[in-house]
J.: 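This structure is in structure tokens; I'll ask about it shortly.
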Amino acid sequence: MALLLALAGCGESSPKPPEPSTKPSGKTSAEPSDKKGFGTVFDTERKIRATLPQPESMAGWTPKNGRAHVEEQPDSPSECGADTHWDCTAVGNGSANYEAAGETVIFSVDAFPDTKAAQAACRKEESWSAKYTKKKVPPLSGVTSHAYYRNAGGLDGLDLTMCTGTVIAQVRLEGEGSDLDPATSHTLAKTFLARIQKAAAAS
């Protein structure tokens with residue numbers, strides 16, 4: 001470049017430098033990322049287990065049990081009508097339970113074959129849960145989420161549902177010693193989301 005500029009200076013006049021382009025150069029770092037999230041499909045038990053929080057990230061909580069399951073023949077959207085449960089098209093699911101001072105947290109994940117199926121299930125789950133009392137929990141970056149109070153088996157619970165990429169992840173707080181604190185739910189959800197994102201990047 002220095003050589004070209006030197007040669008240009010030998011003529012009668014130096015050419016004017018080109019005007020900077022005002023045309024957009026495409027996506028910039030300031031633009032929002034794809035809200036659909038990752039496209040990783042968690043279709044094996046190993047992959048599903050990788051999405052669940054591990055004991056080392058759950059200081060103060062005692063692990064109780066966990067599981068991972070993969071559907072041998074998942075139902076297709078055409079087989080899942082309007083009246084089926086929102087997780088009808090899931091290809092697998094898993095959960096992990098922890099306890100602390102009379103309080104239980106249940107992390108559960110439902111994996112879908114693609115982001116389109118996950119988003120459809122997310123809309124269906126939100127419609128299904130509309131009968132419960134909504135609770136405001138601080139939003140989490142990059143995911144669609146909502147929370148509600150629910151009573152199941154005689155226990156009050158606070159359920160936080162997150163839709164991201166190809167999964168629907170839920171955090172449920174319950175137990176006779178639980179104050180169902182939205183801040184606790186939010187903190188646990190961040191731990192869960194980080195684990196899911198790490199598993200998606202590693203697959």
Side-chain angles (χ1 to χ4, degrees), residues 37-38 40-72 74 85-113 118 121-122 125 128-129 132 135 137-203:
F38 55 82
T40 303
V41 179
F42 298 96
D43 53 2
T44 68
E45 291 185 4
R46 179 186 61 80
K47 289 181 180 180
I48 291 173
R49 282 194 296 269
T51 68
L52 300 169
Q54 300 300 298
E56 56 267 25
S57 66
M58 293 291 292
W61 294 82
T62 301
K64 302 304 292 183
N65 54 63
R67 64 170 186 82
H69 170 73
V70 173
E71 298 290 342
E72 292 185 4
H85 197 256
W86 57 264
D87 63 355
C88 182
T89 60
V91 297
N93 57 74
S95 65
N97 298 11
Y98 290 82
E99 288 184 356
E103 188 169 42
T104 299
V105 59
I106 304 169
F107 298 99
S108 61
V109 62
D110 286 272
F112 294 86
C122 183
E125 189 282 333
W128 171 84
S129 65
Y132 298 110
K135 181 61 181 176
V137 174
L140 292 106
S141 177
V143 304
T144 301
S145 64
H146 61 273
Y148 55 89
Y149 284 126
R150 180 184 179 194
N151 183 284
L155 288 175
D156 290 328
L158 172 59
D159 285 23
L160 172 61
T161 300
M162 302 179 288
C163 304
T164 178
T166 58
V167 306
I168 294 180
Q170 294 181 305
V171 177
R172 174 178 295 175
L173 281 177
E174 63 181 19
E176 295 180 359
S178 175
D179 58 4
L180 305 181
D181 186 0
T184 300
S185 179
H186 181 259
T187 298
L188 293 168
K190 288 197 297 183
T191 298
F192 197 5
L193 181 59
R195 181 72 182 179
I196 292 170
Q197 292 172 336
K198 181 178 179 180
S203 295

J.: With no hydrogens and no angle check, is any side-chain donor or acceptor of Tyr98 less than 3.5 Å from a backbone partner on Pro53?
T.: yes
J.: Do any N or O atoms from the side chain of Thr166 and from the backbone of Thr40 form a donor-acceptor pair under 3.5 angstrom?
T.: yes
J.: At what distance, to the nearest 0.5 angstrom, does CD of Glu45 lie from CZ of Arg67?
T.: 10.0 Å
J.: With respect to Val105, which candidate in Glu174, Glu99, Arg172, Met58 satisfies the side-chain contact (heavy atoms from CB on, under 4.5 Å) definition?
T.: Met58
J.: Should the heavy atoms of other residues, nucleotides or ligands under 6.0 Å from CD of Glu56 be counted, would the total exceed 12?
T.: yes
J.: Less than 4.5 Å apart, side chain to side chain, heavy atoms only: is that true for Leu173 and Thr184?
T.: yes
J.: Minimum heavy-atom separation for Thr89 to Pro113, with atom names?
T.: O-CD, 3.5 Å
J.: For the residue pair Phe192 and Gln170, establish whether any side-chain heavy-atom pair is separated by less than 4.5 Å.
T.: no
J.: To the nearest 0.5 angstrom, please state how far the OG1 atom of Thr44 sits from the CZ atom of Arg49.
T.: 8.0 Å
J.: Taking C-beta and beyond as the side chain, do Thr164 and Leu140 meet within less than 4.5 Å on heavy atoms?
T.: no
J.: Do the side chains of Val167 and Ile196 get nearer than 4.5 Å, heavy atoms only?
T.: yes
J.: Any idea which heavy atoms bring Val171 and Ala189 closest together, and the distance?
T.: CG2-CA, 4.0 Å
J.: Between CG of Asp159 and CD1 of Ile106, what distance do you get to the nearest 0.5 Å?
T.: 8.5 Å
J.: Looking at every heavy atom in both Pro74 and Ala90, which two are closest together, and how far apart are they?
T.: CB-O, 4.0 Å
J.: For the backbone of Leu52 and the side chain of Gln54, can you confirm whether one donor and one acceptor N or O come within less than 3.5 Å of each other?
T.: yes
J.: Locate the shortest heavy-atom distance separating Pro139 from Ser145; write the atom from each residue and the value.
T.: CA-OG, 4.3 Å
J.: Looking only at heavy atoms, what is the nearest atom pair of Pro138 and His186, with distance?
T.: O-CD2, 3.0 Å
J.: Measure up the Phe112 and Trp86 rings against each other and bin them: parallel (under 30°), tilted (30 to 60°), perpendicular (over 60°).
T.: tilted
J.: Side-chain contact, heavy-atom cut-off 4.5 Å: Ile168 with Asp87?
T.: no
J.: Please tell me if the side chains of Trp61 and Leu188 come closer than 4.5 Å, counting only heavy atoms from C-beta onward.
T.: yes
J.: Could you tell me the separation between the NE2 atom of His146 and the CG atom of Leu160, rounded to the nearest 0.5 Å?
T.: 8.5 Å
J.: Do Glu71 and Asp43 have side chains that approach each other closer than 4.5 Å (heavy atoms only, starting at C-beta)?
T.: no
J.: Can you tell me how far the CD atom of Glu103 sits from the CG atom of Leu180, to the nearest 0.5 Å?
T.: 7.0 Å
J.: CG of Asp110 to OG of Ser95: how many Å apart, nearest 0.5 Å?
T.: 10.0 Å
J.: Which heavy-atom pair separates Ala50 from Ala199 by the least distance, and what is that distance?
T.: O-CB, 3.6 Å
